[in-house]
There are 2 protein chains.
Amino acid sequence: MSNNTRALAEFLAGLRYEDLPQAVVERTEDLFLDWLGSALASQGAHPIPLFERYAQKMGPADGRCQIIVNGQRSSAYFAALVNAASSHLVEQDDLHNSSVLHPATVVFPAALAAAQDLGKSGRELVVACVAGYEAGIRIGEFLGRSHYRIFHTTATVGTLAAAVSVAKLLDFDTEQFVNCLGSAGTQAAGLWEFLRDAADSKQLHTAKAAADGLLAAYLTADGLTGAKNILEGEQGMAAGMSKDADAKWLVDRLGTRWALAETSFKFHASCRHTHPAGDALLALMQREKLGFEQIESVTTRVHQGAIDVLGRVVVPQSVHQAKFSMGTVLGLIAVYGKAGLTEFEQFSLSDPRVSAFREKVSMVLDPEVDGAYPQRWLGRINVQTTDGRQLTSAIDEPKGDPGNTLSRPELEDKFQRLVAFSGARTAAQASELIGKVWQLHKLADVQAIA
Amino acid sequence: MSNNTRALAEFLAGLRYEDLPQAVVERTEDLFLDWLGSALASQGAHPIPLFERYAQKMGPADGRCQIIVNGQRSSAYFAALVNAASSHLVEQDDLHNSSVLHPATVVFPAALAAAQDLGKSGRELVVACVAGYEAGIRIGEFLGRSHYRIFHTTATVGTLAAAVSVAKLLDFDTEQFVNCLGSAGTQAAGLWEFLRDAADSKQLHTAKAAADGLLAAYLTADGLTGAKNILEGEQGMAAGMSKDADAKWLVDRLGTRWALAETSFKFHASCRHTHPAGDALLALMQREKLGFEQIESVTTRVHQGAIDVLGRVVVPQSVHQAKFSMGTVLGLIAVYGKAGLTEFEQFSLSDPRVSAFREKVSMVLDPEVDGAYPQRWLGRINVQTTDGRQLTSAIDEPKGDPGNTLSRPELEDKFQRLVAFSGARTAAQASELIGKVWQLHKLADVQAIA
């Protein structure tokens, strides 16, 4: 039985802002803006008001921490809870490929709430968020594909990632980090079962991951102890929740590999598993100058994880579920040239051309794609045209991946679209927020960041 | 893939106070008193004040719900959190054998907090708690022994049991119960890994189970949906967290079998896995008129679950960990004739006779004992005396089991001892509380029950 938790904890305890390459600091700001847009885009949309009301009912009437969607203030616990629920609704938040973790939606809510509560600077917030990403991504990689088959990694691992970011703001030493990981890991939960019912658990998962992680860190600061080997122990996370855990990832190139910088931005407003095929279809239609009505069928050649997550959805019953329907995503891209928030909201369930296209799309497991996953998310499709041609298309890096990333102007544009979608802020207010976030590492405090 | 969740939910939605046999109502009061004693006994003991301070920091300054150990009031969420932490510290709370679930410490905190919040009567509280016990016990049985090997069933299943009891107070229909089980089940967490480090996770587990279950129910009442087959679905609890789940238990004799009435009271203040051997040793020493110094060695013949949970502890480092040391428990019984709170506090770590006896005790897996478990917890020991005799002792129902239960006078005596241990209440106050609890089913409200 190995135990790499202490080595990971030592790295986290020793991490200083000065250690971060400038590109990592800037990418943290990129990811923060991208996250903030997702949080604001869900304003007023079910089930977010339920979490807002829960915070009002169970929490204090006021506090130092901002609930982004309604501008109210509460304690750190409830700010983390609501902000994490709200940033994982519109399926536009970031994703790290090889860990299959959405880090932003769990790390930023917990870290921002704690930073506001503790009066920390933008610089301290940045290094805390980097710590959360670095730990969370490695723990996700460690737990592996078998974990993700049943468990929503963003929920389970997200609890630890959130805890680490708050722990960093609390200036933990190695021993405290070990205890904190123990208390976070033993709270880690979140099952994919809700997907087939289009139930609201995805937001419950991120809400709880961020809030529970914060709870673990605050209780650790006050003296709560946790298991010393929660990740690799005989009755720890890997023992209970993984069949292919690989300890090497936990300490993979700590301090030289910046996993945060590998994180992908989402271009389409759908489950990331649909993006490689979506980009491959778009490339093929542009290359061949095909219209959607000229396509007879699309066979997407995918990794097993895509089948596990997307295979539940046959005929989507809600806009959110449509984001997990490969056929619907490809239908929107085929008919409208894109699958953004507006296309989903207006056309994903009601446009008969999209539903008809959905029926033409199938998924098959492809050994090459599956073998490359989760390090690389390859797009491979076969298209049969109505005039009998057999065409193929392949893309190796979906739009938003590190090698095909979004520039700051593209991120600003995406942020403006997200904010306009819900009407949470005016374009001018959004521009002001953008300006603040691009200065995040210089802010003396982060009280009014959203 | 089967789905018995709806059948269970229908039973829970339809359950009425009038359906409960009088003996079940009375046993609920017995269990409630027993639970209240455990909650009060932990006053001031680490790590309970950490949870109290967390509630003060994150929760409202006042509320309708009582935090038992400090008399403060808060929202339902934080009352459930602190009361559940406090009632699982001294290892005197109840246990249901075949589910290996401690129901009281998760059901009563959640149900009492919700009943106070919602202004419910004692009668409504009783039926809600029965619902929580009946559901939780069956779900624990369903998940089976493989679950308990890695997961702390009281934490995982406790989340659902707590949710069900609060759901009953919220008058849920079948559909709402299904959703609520989904939202509770996807939060279910808690790993045994902390045991080998004597870490504080056991109280974190029950705190979170009760509070998370309450959260699931309140959010369901407001419209949050959950997975429809969280227990048996392909990506549900059994798929992720069990290898021997058996669906038949979920709906086992609903309405005729009252699982609550099968719950055991704890006589010794230690992990229940030590009790069968402890009772067997006591019986043998009394029968043979042996003193502890006449015993050369004790071989306890146990079920695998005892080895999994107790096998971690070699030399206990804390009083709490000593409660998970078979040798220490048997040492206290051998030297002092009992292993109560006071014996643990004063002698478990410091009396050299107890430590010496501890070294004489071993555990071996016994096929008969293991085969009977978890339905029956058999006590089987072999003793070698210093004068060379080989003796054996067997008990089939440890003290506190349904067939060897505690009477109301014995429960009152235990309650007085628990309360005196921490000094949380005077003997007269304790007597008054006892009187109230024996009238629980008649109380118009439960505001001042503790």
Side-chain angles (χ1 to χ4, degrees), chain A residues 46-47 49-51 53-54 57-61 75-78 149-152 155-156 159 179 182-183 185-201 204-205 208 212 215-216 218-219 222-230 233-237 239-241 308 312, chain B residues 46-47 49-51 53-54 57-61 75-78 149-152 155-156 159 179 182-183 185-201 204-205 208 212 215-216 218-219 222-230 233-237 239-241 308 312:
Chain A
H46 177 86
L50 280 59
F51 291 92
R53 287 195 288 271
Y54 189 77
K57 195 184 298 254
M58 298 295 175
S75 65
Y77 182 80
F78 291 102
R149 269 193 87 107
I150 308 273
F151 293 94
H152 182 196
T156 53
T159 310
N179 280 308
S183 291
T186 205
Q187 295 182 72
L191 297 157
W192 278 122
E193 182 60 26
F194 74 91
L195 266 187
R196 77 196 67 210
D197 304 310
D200 300 324
S201 307
L204 176 64
H205 287 175
K208 289 297 308 315
D212 290 346
L215 176 146
Y218 272 69
L219 284 173
D222 202 16
L224 194 80
T225 61
K228 302 280 184 280
N229 195 11
I230 195 67
E234 280 171 29
Q235 291 168 305
M237 284 186 77
M241 304 159 93
D308 292 340
R312 319 290 150 211
Chain B
H46 176 86
L50 281 59
F51 291 92
R53 287 196 288 271
Y54 189 78
K57 196 185 296 255
M58 298 297 175
S75 64
Y77 182 79
F78 292 101
R149 269 193 88 108
I150 308 273
F151 293 94
H152 182 196
T156 54
T159 311
N179 281 308
S183 291
T186 205
Q187 295 181 74
L191 297 157
W192 280 121
E193 182 59 27
F194 74 92
L195 266 187
R196 78 195 67 210
D197 304 311
D200 300 323
S201 307
L204 176 65
H205 287 174
K208 289 296 308 314
D212 290 347
L215 176 146
Y218 272 70
L219 284 172
D222 202 16
L224 193 81
T225 61
K228 303 280 184 279
N229 194 11
I230 195 68
E234 281 171 27
Q235 292 168 303
M237 284 185 78
M241 305 159 93
D308 293 340
R312 318 291 151 211

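Just so it is clear: chains get the letters A, B, ... in the order the sequence lines come, proteins before strands, and each one is counted from 1. Values reported hereafter were calculated over all heavy atoms of this structure, with side chains retained and with hydrogens, waters and symmetry mates removed.
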Nearest heavy atoms of [X] and [Y], plus distance in Å:
X        : Y        : value
A:Pro60  : B:Gly59  : CB-O, 3.9 Å
B:Gly226 : A:Ser201 : CA-OG, 4.1 Å
A:Ala189 : B:Ala188 : CB-O, 3.4 Å

For the residue pair [X] and [Y], establish whether any side-chain heavy-atom pair is separated by less than 4.5 Å.
X        : Y        : result
A:Arg196 : B:Asn229 : no
A:His152 : B:Thr186 : no
A:Asp308 : B:Gln235 : yes

In terms of heavy-atom pairs under 4.5 Å with chain A, the winner among B:Phe151, B:Phe51, B:Trp192 is B:Trp192
Let's go through B:Tyr218 and A:Met58 carefully: what are the C-alpha distance in whole Å and the side-chain angles of both, what is the deciding distance for side chain to side chain contact (heavy atoms under 4.5 Å, CB included) to 0.1 Å, and is it a yes or a no? CA-CA 10 Å; B:Tyr218 272 70; A:Met58 298 295 175; 3.6 Å; yes
In terms of heavy-atom pairs under 4.5 Å, which option from A:Gly190, A:Pro47, A:Ala198 contacts chain B the most?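 The answer is A:Gly190.
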Looking only at heavy atoms and a cut-off of under 4.5 Å, which of A:Lys57, A:His205, A:Met241, A:Glu193 has the most pairs with chain B? A:Glu193
Working to the nearest 0.5 angstrom, can you tell me the gap between [X] [atom1] and [Y] [atom2]?
X        : Y        : atom1 : atom2 : result
B:Asp222 : A:Leu50  : CG    : CG    : 4.0 Å
A:Tyr77  : B:Phe78  : OH    : CZ    : 6.5 Å
A:Thr225 : B:Leu204 : OG1   : CG    : 10.0 Å
A:Leu191 : B:Gln187 : CG    : CD    : 11.0 Å

Check whether [X] gets within reach of chain B through its side chain, its backbone, both or neither, counting any heavy atom under 4.5 Å.
X        : value
A:Lys208 : side chain
A:Asn179 : neither
A:Leu224 : both
A:Leu215 : both
A:His46  : side chain
A:Tyr54  : side chain
A:Ala239 : both

What part of B:Asp197 gets within 4.5 angstrom of chain A, counting heavy atoms only: side chain, backbone, both, or neither? side chain
Where on B:Arg149 is there a heavy atom nearer than 4.5 Å to chain A: the side chain, the backbone, both, or neither? backbone
A:Ile230 and B:Phe194: CA distance, side-chain angles, deciding distance, side chain to side chain contact (heavy atoms under 4.5 Å, CB included) verdict: CA-CA 8 Å; A:Ile230 195 67; B:Phe194 74 92; over 6 Å; no
